[in-house]
Amino acid sequence: MHGRVKVKSTAQQEEEKRKEREKKLKAFVSARDAVLRKRSAGEHDEEALQLTQQLLSSNPDFATLWNYRREVLLQLETSREKDEVQKLYESELHFIEACLKVNPKSYGCWHHRSWVNTRLPQPDWTRELGLCDRCLSLDERNFHCWDYRRVVVKESGVSVEQELQFTDRLIGSNFSNYSSWHYRSTLLPQLHPQPAPDSASNTSPSPTASPQIHSHRVCEEQLLKEYELAHNAFFTDPNDQSAWFYYRWLLGRAEREEMISCVYVSRERERVSVAFSKPVHAQSEGLMLVLDGQPQQVEWRSTHPRLRHSPVWLCDLPPGSVSDISNEHNLTVHWTEKYTHRDCALYTGCAESWCRDSATDQELFRSELSVEKSSVLQAELQSCNQLLELEPQNKWCLLTIILLMRALDPLGHEKETLAHFQTLKEVDPMRSSYYSDLCSKFLIENTILKMEYAEVRVFSLSNKNLTTLCHLDQLLLVTHINLSSNQLLRLPPQFAMLQCLEVLEADDNAIESLEGLYHLPKLEEVSLRNNRILFAIQSKCFIRNPFSAFRASAWFDLVSRSQYSSLINSYRLCRIMEGQQI
Amino acid sequence: MFLLYFKTWRIPVLKICCVHFGYCVFKCVYFSVRHDIACHVTVCSFKMAAEDLPSQFDVVILGTGLTESVIAAACSRVGQSVLHLDRRNYYAGNWASFTFNGLLSWIEEYKNQQKVQITESEQVWRSLIDEGEDVVPLSSVDSSISNLEVFCYASEEEEKEEETKAPLTSCQPVNAETVSEETTGDSTEAQDTVTEPSQSQEEKDSQPISSPADPPVEVEKKITYQKLVKEGRRFNIDLVSKLMYSRGALVDLLIKSNVSRYAEFKNIGHILTCRNGKVEQVPCSRADVFASKQLTVVEKRMLMKFLTFCLDFEQHPEEYQDYTEKPFREFLKNKKLTENLQDFVLHSIAMVTQQTLTEEGLKATQHFLRCLGRYGNTPFLFPLYGLGEIPQCFCRMCAVFGGIYCLRHSVQCLVVDKASNKVKAVIDTRGQKISCSHFVVEDSYIRDEQRQSTAYRQISRAVLITDRSVLPSESDQQISLVTIPPLESSAPAVRMVELCSSSMTCMPGTYLVHLTCSSSGTAQEDLAPVVSELFHVSTIPGEEPSEGAEERSKPAVLWVMYFNMRDTSALDSSSYSLPSNVHVCTGPDGSLGSDCSIKLAESVFHHILPDEEFCPPAPNPEDIIYDGDGPQAEGPGFDESVNTEAEEEGAAHEKNPSTEPAEMDSVADTTPSSEE
């Protein structure tokens with residue numbers, strides 16, 4: 001048409017582009033071959049730098065070329081003056097910057113950059129920080145840049161305050177940024193550490209509490225400011241998880257001190273069970289058993305062969321060492337690596353004995369906050385409830401309220417907590433299993449607390465929709481356990497930690513596997529009615545357990561019902577496995 | 001006299017390549033700055049004598065405002081031959097941006113126009129009218145600007161004297177004699193212009209003539225009037241104050257048509273409001289709400305909840321259907337937003353009035369929110385070097401595709417075919433009859449006889465030069481939008497845009513402040529109260545000390561201009577009695593965005609060319625085929641040697657200030673004669 005500008009057709013353009021690409025590819029391949037030839041010939045000269053530069057600037061992810069470049073640079077470095085070396089590496093930095101523009105997430109580039117900075121006679125860290133800032137302003141979640149920035153900060157000695165301000169700035173511009181929240185959580189304990197707990201030592205049974213235990217906690221004043229910051233974020237956008245995660249970190253408990261939480265000794269079996277505050281590998285931890293002042297050579301084994309790291313370990317005492325009921329014995333377990341130990345006295349006439357910290361003493365399932373701070377927590381709970389009023393469907397808010405309630409008073413808030421779990425499962429059905437497991441965990445914790453307040457060794461938690469079992473190490477001393485009418489799928493290997501268990505009731509569950517059941521020395525009565533136990537093979541080992549009450553039974557196969565009917569007659573296991581759905 | 005000059009050519013290469021046979025051929029080599037690609041296009045060729053202007057065009061467009069320029073670009077882009085005229089010696093009409101000195105000349109022109117009535121001679125064109133043809137004369141006077149007042153508060157003293165003696169004239173409106181005495185040669189002409197309006201103002205308002213007040217704070221930083229004049233080229237003062245919604249029709253069009261490559265933009269940094277005399281930040285984005293110190297956490301939640309709802313309010317009709325007939329304000333109340341938040345949403349986010357209905361308010365809020373985050377934390381962009389850039393960008397686009405431009409060239413009358421009642425030709429101010437199939441004209445060229453009604457809405461405007469920002473912050477180079485809610489609910493809200501020097505609209509150390517509202521009285525009546533509330537205006541002696549520290553914290557006004565501009569945006573084709581192929585473009589409206597003008601341009605374009613695409617993307621320079629069967633070249637073809645020459649020239653050229661048309665005229669005037 002008249003007066004129109006003629007433009008190449010798309011087909012023409014495509015064709016041109018294709019040709020262009022072909023040309024480029026040809027050039028790239030020939031240059032690459034040339035470089036690789038040079039490298040195998042061991043040539044380390046300027047030309048190599050030039051060639052690799054050409055290739056890398058179009059494809060910065062070619063790790064071999066970066067390696068070759070480093071070789072060349074190291075070679076050139078030897079023959080140059082200091083000024084020239086500086087210049088050489090500075091131009092290298094410029095080149096890397098250009099490559100980063102091509103691909104800001106190139107592993108090779110970032111790695112090479114940190115390497116160049118270590119070789120640079122006078123590295124300019126301010127410029128590097130500026131580069132990171134620019135890069136993060138383009139993509140605030142570029143983890144390569146975050147990593148590199150950490151190196152730069154470390155090398156250049158930027159103060160923690162400045163770094164905290166840096167996170168302030170990033171969070172201010174967009175608070176949906178895990179990286180900056182997380183960075184904050186590493187900086188705060190350095191800048192505002194929690195003062196050393198002076199009163200804590202008298203509650204702790206271990207005389208040598210290591211000083212670094214509380215090092216990742218933050219002092220209270222700063223904590224209050226951080227709560228406010230997190231509030232602002234989640235009131236602004238309650239569906240953004242990053243602030244909630246940070247908030248949970250703020251509310252979080254310190255890791256438990258590493259210590260021996262319980263020593264149990266049984267005269268009849270001549271066996272010692274030791275529970276630790278967290279899973280350990282006893283063979284390599286330098287455990288030492290001293291009986292009446294005499295170190296004993298014992299072999300530690302975990303409660304279940306599949307558990308290599310376990311919070312509960314067993315050992316057999318030399319035969320006859322404690323079997324005389326009229327003797328009193330003093331037992332000490334030393335954990336030499338952690339400089340801690342626990343004593344246990346086995347008095348005359350006692351068949352067994354133990355020494356432990358109870359869950360109630362340790363406030364094991366509460367927050368580690370001081371009394372003043374629980375008022376703060378109360379305030380936090382209030383503001384979260386306020387948010388819940390505005391956003392009754394918000395899962396993050398619900399979950400946080402549950403956690404706060406647990407931290408404040410797990411037993412007092414039990415009812416509300418369960419109600420909130422119900423809502424959570426409704427508003428977030430995709431994670432209902434997670435909520436069920438979490439709820440089970442809290443219920444078990446509560447039951448442990450109740451049991452210990454009542455000072456009994458009976459653990460009963462029936463008809464509570466339990467889906468999982470946890471804190472089994474806390475149940476080392478339990479003799480009777482009732483888990484009926486729940487939704488348990490298995491008795492996991494950890495179940496073997498219940499070394500004192502005599503009676504187990506677990507009717508009306510969906511238990512398929514009984515792994516944990518085979519290593520219980522005192523088990524006398526098991527009821528597993530209406531479950532889904534599938535494989536007889538497991539049962540074989542169960543029968544072979546030398547300590548179990550079924551020792552006399554030679555063999556039985558659960559697959560065939562007729563065969564275990566005889567078993568039922570012979571033993572008190574009268575209710576076992578009735579109504580199995582096979 | 002022909003003028004082809006675009007301010008937008010930041011690296012402009014504009015050269016008269018050859019002059020012979022009475023032709024003056026303009027060639028242009030322009031660089032796409034971003035792509036570093038030189039593109040060579042012959043823009044257009046002119047014949048120097050009036051009768052040599054082509055006598056046939058598809059579309060003749062009169063007026064170079066935004067709407068007309070967009071239409072020109074759109075028509076030219078699809079191959080229409082376009083003649084684009086403007087009676088003024090600058091581009092963009094009421095959309096123009098001026099240097100300080102350019103603005104002073106504009107003020108003078110306004111003043112002269114008030115005095116002189118141009119006599120028109122019919123004789124020239126009478127003879128050109130054939131039988132069966134009728135004539136519709138056009139107006140030669142632009143009456144869209146009124147009530148222009150200028151005051152100067154900057155010191156008149158020489159800078160060196162400042163410290164020793166309090167300037168007697170510090171608050172005096174500009175005086176003709178002193179100005180012309182003190183100014184340097186090149187701006188003398190401009191200076192005189194200021195005097196008359198301000199003197200008349202003195203008489204009318206009995207404003208204090210002199211005030212030997214102490215020089216306000218910071219003597220060393222003080223900016224004198226001389227400084228403003230001397231640095232006048234650094235100013236780009238818009239007649240219309242608008243921002244670009246980053247998802248508005250204008251930005252979309254700029255992107256779609258590739259015209260955006262001709263301009264640069266800056267993000268607005270702050271959205272502020274003024275409540276109880278205090279300027280504070282409006283939390284409008286997520287980050288703002290998060291960082292806000294004024295809001296409680298519950299308010300934050302309520303606000304975010306409301307804003308999230310507004311983003312897709314159409315999906316939740318149940319939330320607002322009871323309020324469709326009720327004002328937006330009531331809906332906000334019902335949503336349990338606190339008083340605070342209601343103000344924020346109503347005035348600063350939706351930017352509507354108390355009376356606006358709910359649905360409109362929701363739509364406005366939604367538009368605002370959708371624009372957030374596209375180019376930064378606020379929804380707005382501002383073109384560097386002023387809003388006047390935008391029409392020129394489109395003019396440039398038009399020229400690149402062959403449009404012909406003549407400034408200081410208007411149309412006297414339209415020649416209408418009696419039988420069809422359609423315009424068949426126009427007679428220009430040089431008496432040439434130019435036939436055309438469509439005629440597009442800006443409203444101010446229309447005579448009252450062709451109008452159904454002569455009652456107009458008006459926009460009140462104030463332009464201030466100040467010494468400080470209304471909201472001091474870490475970075476002083478931020479553009480701020482301030483909405484000032486009305487004191488009484490009946491009064492209009494005032495919108496203020498404060499431009500910093502990095503927006504290339506004012507000299508460093510100053511801020512350019514635009515105030516806009518729909519008029520209820522003269523601009524001064526409407527806006528002076530706001531000015532004195534937000535700024536320190538030196539008045540009578542002795543007043544300043546009593547005001548104390550509070551006054552000092554406010555920025556001081558150095559210079560201020562008030563005027564009213566006619567707002568014709570409500571008019572449509574039924575408001576005029578004109579032939580059907582005459583398309584009237586209304587002037588700028590009072591709103592913050594330019595959507596209205598762009599929509600109008602699009603509808604006019606579709607009227608003219610119903611089957612054509614509106615501003616399709618301009619092709620990449622490298623995709624254009626030049627040789628052999630190349631395009632129908634307008635004028636002399638593409639010449640390699642000439643272009644290289646022009647390129648060299650281009651490198652030497654720096655930014656040409658646009659509003660010095662006198663300079664350009666002289667180039668056009670002298671070159672041919674010297675060749676001869």
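These numbers were taken from a predicted model, which means no experiment stands behind them. Labels below follow one simple rule: chain letters A, B, ... track the order of the sequence lines, proteins then strands, and each chain is numbered from 1.
- Of all non-hydrogen atoms in Met302(B) and Leu390(A), the two that sit nearest each other are SD-CD2, 3.6 Å.
- Contact annotation for Gln13(A): only side-chain heavy atoms (C-beta onward) come within less than 4.5 Å of a heavy atom of chain B.
- Put simply, OG1 on Thr296(B) and NE2 on His231(A) are 12.5 Å apart, with the number rounded to the nearest 0.5 Å.
- Atom CD of Gln294(B) has more than 12 heavy atoms from other residues, nucleotides or ligands within 6.0 Å.
- The backbone N or O of Ala233(A) sits nowhere less than 3.5 Å from a side-chain atom of Lys300(B) that would complete a donor-acceptor pair.
- Within a 6.0 Å sphere centred on CD of Glu15(A), heavy atoms belonging to other residues, nucleotides or ligands number more than 12.
- In this structure, Phe235(A) CZ and Glu299(B) CD are separated by 12.0 Å, a value rounded to the nearest 0.5 Å.
- Relative orientation of the Trp181(A) and Phe290(B) rings is perpendicular, given thresholds of 30° and 60° on the angle between their planes.
- Taking CZ from Arg301(B) and CG from Asp237(A), the interatomic distance works out to 7.0 Å, rounded to the nearest 0.5 Å.
- The shortest non-hydrogen separation linking Ala287(B) to Gly172(A) is CB-O, 3.4 Å.
- The CG atom of Asn174(A) sits 5.5 Å away from the CZ atom of Arg286(B) when rounded to the nearest 0.5 Å.
- Between chain A and the options Asn377(B), Val298(B), Leu303(B), the largest number of non-hydrogen pairs under 4.5 Å is found for Val298(B).
- At a 4.5 Å heavy-atom cutoff, the contact between Leu229(A) and chain B is made by backbone and side-chain atoms alike.
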